[in-house]
Amino acid sequence: MNRNQILCGLVTGITFLVCTITLFAQETSELPGAQLAAQGLGRPYWHVFIAYAIAIGIVFFWVVSIGRRLSEIEKKIGS
Amino acid sequence: MSTKKILLAGTMLAMIGLVWLGVVYWMSFFWVSTEVTQGIAQRIFYVHVPAAWTSFLAFGLAALFSGMYLWLRDERLDRAAVSAAEGGMVFATIMLTTGPLWGKIAWGTYWTWEPRLTLTLLLWFIFLGYFLVRSSTENPEKGKRHAAVVAIVGALDIPFIHLSVIWFRSLHPAPVVIKPEGPTLPGDMLTTLLMSLGAFTVLFLGLFLLRYSLENLRSELDTRSRHASV
Amino acid sequence: MREYGTVTAVDGIDLSLARGEFLTIFGPNGAGKTSLLALLAGALRPNCGQVWLRGETLDFGEVEWRHRIGVLSHQGFLYGHLSAEENLRFYGQLFGLSDLDDVVNHKLQHLGLQDRAGSLVRDLSHGMKQRLALARALLHDPDIVLLDEPYTGLDPSAAIVLQGVLSDLKDGQRTIVMVTHNLTEGLALATTAAIMNRGRFVWQGKRAEIEGDFGQFYYGVIEGEE
Amino acid sequence: MRNYLKQIRTILWKDLLVEFRTRERLIAMGAFVVLVAILFNYATDWARVSPEDIASGLVWMTIMFAGLLGVGRTFHLEAEDGAFQGILLSPVPKDAIFIAKALANFVFLYIVALLVVGVFIFFFGLEVGGSFGMLTLVIALGVLAFVALGTLFTAVSTGTRMGDTLLPVLIFPLLAPVVIYGTGATSQFLAGRPVTEAEGSIRMLAAFALTAFFLGSWLFRFVVED
């Protein structure tokens with residue numbers, strides 16, 4: 001397995017982790033939900049989830065783009 | 001240091017950074033306690049602030065390398081500058097997308113002319129110019145020089161932009177900003193924030209090295225094709 | 001050496017020029033002739049290598065160097081909206097000439113432009129413009145004259161005038177470097193000649209060494225390279 | 001030093017002379033300003049906003065766009081017959097060239113900026129009152145900062161494939177302080193506030209203009225080098 005695959009795998013794993021974590025967290029947050037509503041903050045968890053997903057998504061995008069360019073150039077140099 | 005070693009170091013750092021980031025994600029969802037006034041939304045802060053810090057670090061490095069490139073004319077400095085600038089764009093984009101999501105909850109609107117948010121947006125555009133200039137000349141060396149000029153002017157312009165956007169704010173008072181980084185940041189929140197700062201920095205450094213070795217390989221390829229054609 | 005990205009324009013040329021020498025460099029398009037001239041003029045920064053003058057290295061961008069060099073290209077470097085005299089005065093002031101009026105008048109007379117001194121450059125004929133460009137290039141009486149395809153676009157009579165001025169310049173004191181792909185005009189005044197291809201000198205020799213048909217020789221050298 | 005100033009004056013004088021002979025840029029910018037003011041009249045509901053409230057912003061945005069229009073042409077005239085190459089080959093330090101070109105731009109743009117103020121006074125009945133002198137000072141400082149960055153980045157964008165379309169992307173983010181402090185001070189004048197209240201803005205504008213000028217004259221050499 002080469003470096004790029006490992007990096008991509010890691011990022012995908014973490015993204016997956018984040019998704020499940022957030023879904024679970026969403027479940028367990030039922031309890032303080034009433035409190036939050038009292039603060040008039042709407043449903044902030046979705047915003048948190050989206051923010052975290054965007055952050056990891058953009059990093060993912062960069063990693064993949066570097067990886068792709070690297071393997072392309074390594075192929076050219078190898079040949 | 002040879003390109004191979006840099007590539008290896010970059011891969012290692014990037015992997016450490018990614019795993020570390022995973023730990024930070026876990027911490028900020030399960031471990032850290034919820035902030036009282038802002039509730040759960042405040043957790044966005046653990047990606048927003050480190051992203052801002054990393055993008056400033058990256059843009060600063062890009063300007064520094066650009067200045068040194070104009071002075072010493074070493075191609076490696078230009079490669080480092082463009083790698084750092086790309087990282088800066090990536091993390092500034094994270095900062096600019098997570099900021100409004102937080103703002104929607106904390107302030108009620110997606111966009112406010114919050115000084116640091118505005119500054120980052122303008123920086124983002126300055127470095128957009130950096131990349132446009134770089135790629136739009138016939139003579140690549142000229143593009144590199146022009147881009148370096150953009151980066152330097154941008155860096156030295158930042159204090160002025162910063163002061164002016166703050167001043168503008170004082171002129172038109174906006175809704176009260178709840179400052180989450182107030183002096184009374186509880187211990188576990190501080191730990192999470194510091195962990196996150198570390199994760200983002202290491203991740204950036206690793207990817208920066210990877211990006212840098214990419215530029216190295218590219219120029220190696222260029223040299224090779226040049227020798228082949230002569 | 002000078003590289004443009006992936007292209008090496010000028011590569012490993014060792015050139016020493018003596019006083020009074022008239023060197024003509026021939027070569028096909030894209031051989032790096034113009035880049036070489038720009039390096040000599042100090043308009044292009046070498047990636048590596050140096051320019052020496054009388055035992056001193058010249059740093060890139062050194063202002064003093066420009067006092068000693070005159071450049072004439074197929075572009076005139078003239079302002080269309082200024083008159084002939086104004087153009088000369090403008091450049092004269094940039095060069096910091098002290099007796100500006102005399103020099104300008106003398107140059108205008110020398111090149112037969114005194115009648116047109118007051119007319120705008122855009123109204124001059126091409127030949128007139130080229131004469132004025134020559135006056136501009138020689139205004140500060142440079143030691144070293146660099147000519148980049150000076151015959152391009154000239155009609156025969158203007159070419160004769162140019163030829164005359166150039167032979168006046170060849171007074172044994174000045175060093176002249178001309179770059180051209182026109183074989184007959186290039187060879188007419190040269191004391192030395194060189195053939196350039198792909199950034200290198202592929203042949204270099206005295207004018208006297210050239211025997212027989214230079215054209216045939218030239219194509220032979222270039223084709224031998226391919 | 002005397003020579004340096006003389007060279008700046010020579011280039012500046014040449015630019016002004018050529019401009020006043022052709023009047024291309026001034027006419028284009030002036031027409032732009034008046035036409036923009038006419039369109040603003042129809043783009044704004046004057047029953048709901050009073051001119052004083054938004055005039056300072058409109059004045060500054062008009063100056064910015066007119067400036068963009070004018071500054072983009074800085075090197076077009078030079079490029080005509082390779083004349084800029086002629087200046088680069090003459091013994092003039094690069095920073096002197098930059099200062100001269102920026103000052104020439106300053107003259108044109110300042111004239112246009114004053115025209116902007118005049119047009120707004122005439123069309124929208126603005127009351128400038130006693131602070132007119134200070135207003136011209138603020139505009140002068142803003143225009144100075146604009147031409148410093150504008151001249152530098154026009155030199156950058158002229159050499160690119162994108163040309164003038166690149167210019168706003170490059171300079172508008174950098175000019176945010178000029179717009180913010182400029183509008184701030186102007187709206188204080190228009191509101192009839194005492195001049196001392198705008199002092200901070202004026203200081204910041206002056207500091208910014210100075211920094212921009214210094215940066216431009218230092219970095220220009222890296223931009224025009226081939």
Side-chain angles (χ1 to χ4, degrees), chain B residues 59 63 66-73 78 92 113 115 117-172, chain D residues 56-57 98 145 148-150 152-163 165-185 187-188 191 197-198 200-201 203-216 218-226:
Chain B
F59 285 143
S66 296
M68 281 163 68
Y69 171 66
L70 287 187
W71 179 31
L72 300 169
R73 301 294 172 125
D78 170 71
W113 296 101
L117 213 52
T118 317
L119 179 65
T120 314
L121 184 63
L122 288 174
L123 256 179
W124 195 90
F125 274 108
I126 290 171
F127 276 88
L128 175 72
Y130 175 92
F131 284 102
L132 285 178
V133 162
R134 225 183 129 77
S135 58
S136 66
T137 45
E138 304 294 327
N139 175 359
E141 199 189 303
K142 207 167 184 172
K144 289 174 190 170
R145 243 183 299 119
H146 288 183
V149 167
V150 174
I152 293 169
V153 177
L156 296 178
D157 203 12
I158 285 170
F160 287 99
I161 300 180
H162 188 57
L163 285 174
S164 67
V165 291
I166 288 176
W167 183 83
F168 176 78
R169 218 180 144 64
S170 69
L171 199 69
H172 302 257
Chain D
S56 63
F98 172 81
L149 292 180
L152 178 67
F153 285 108
T154 308
V156 168
S157 70
T158 308
T160 65
R161 237 176 289 134
M162 294 173 71
T165 44
L166 191 56
L167 195 55
V169 182
L170 290 178
I171 60 173
F172 277 174
L174 298 170
L175 285 171
V178 174
V179 177
I180 292 174
Y181 289 120
T183 351
S187 60
Q188 270 160 340
E197 269 183 34
S201 309
R203 281 225 186 99
M204 285 306 291
L205 269 181
F208 185 77
L210 260 175
T211 314
F213 231 83
F214 164 75
L215 270 178
W218 170 48
L219 291 170
F220 189 65
R221 70 198 63 184
F222 300 113
V223 174
V224 292
E225 178 189 306
D226 249 317

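The model shown is predicted, which means the values in this text are computed figures rather than measured ones. Residue numbers start from 1 in every chain, and the chains themselves are labelled A, B, ... in the order their sequence lines are given, proteins ahead of strands.
For B:Ser164 against D:Pro177, the heavy-atom pair with the smallest separation is OG-CA, 3.6 Å. For the pair D:Glu225 and B:Lys142, the tightest heavy-atom approach, listed with the atom from each and the gap, is O-CE, 4.0 Å. The two residues D:Met204 and B:Phe160 make their nearest non-hydrogen contact at CE-CD2, 4.0 Å.
For a residue to count as touching a neighbouring chain, one of its non-hydrogen atoms must lie under 4.5 Å from one of that chain's; by this rule D:Phe153 touches chain B with the side chain only. With a threshold of 4.5 angstrom between heavy atoms, D:Leu219 approaches chain B through its backbone and through its side chain. Residue D:Ala212 does not touch chain B at all, counting heavy-atom pairs closer than 4.5 Å. Contacts of B:Arg73 with chain D are made by side-chain atoms alone, with heavy-atom separations under 4.5 Å and no backbone atom involved. Residue contact with chain D, scored on non-hydrogen atoms closer than 4.5 Å, involves the backbone of B:Ser135 exclusively.
When each of B:Asp157, B:Val150, B:Leu122 is checked for heavy-atom pairs under 4.5 Å with chain D, B:Asp157 comes out on top. When the candidates B:Leu123, B:Ile161, B:Leu128 are compared by the number of heavy-atom contacts under 4.5 Å with chain D, B:Ile161 comes out ahead. With chain B as the partner, the residue from D:Leu152, D:Ile180, D:Val178 showing the most heavy-atom pairs under 4.5 Å is D:Ile180. Contact count against chain B (heavy-atom pairs under 4.5 Å) is highest for D:Val156 among D:Val179, D:Val156, D:Thr183. Between chain D and the options B:Ile126, B:Thr118, B:Leu121, heavy-atom pairs under 4.5 Å are most frequent for B:Ile126. Highest contact tally toward chain B, considering only D:Leu175, D:Ile171, D:Leu215, is held by D:Leu215 [criterion: heavy-atom pairs under 4.5 Å].
Looking at heavy atoms from C-beta onward, D:Leu170 lies out of side-chain contact with B:Val153 at the 4.5 angstrom threshold. Proximity of D:Tyr181 to B:Leu163: side-chain heavy atoms (C-beta onward) are separated by under 4.5 Å at one or more points. The side-chain heavy atoms of B:Trp167 and D:Ser201, taken from C-beta on, include a pair separated by under 4.5 Å.
Atom-to-atom distance recorded for B:Leu156:CG and D:Thr211:OG1 is 8.5 Å, nearest 0.5 angstrom. Rounded to the nearest 0.5 angstrom, D:Leu174 CG and B:Phe125 CZ are separated by 12.5 Å. Separating the NE2 atom in B:His146 from the OG1 atom in D:Thr158 is a distance of 9.0 Å, to the nearest 0.5 Å.
Around atom CZ of D:Arg203, no more than 12 heavy atoms belonging to other residues, nucleotides or ligands sit under 6.0 Å away.
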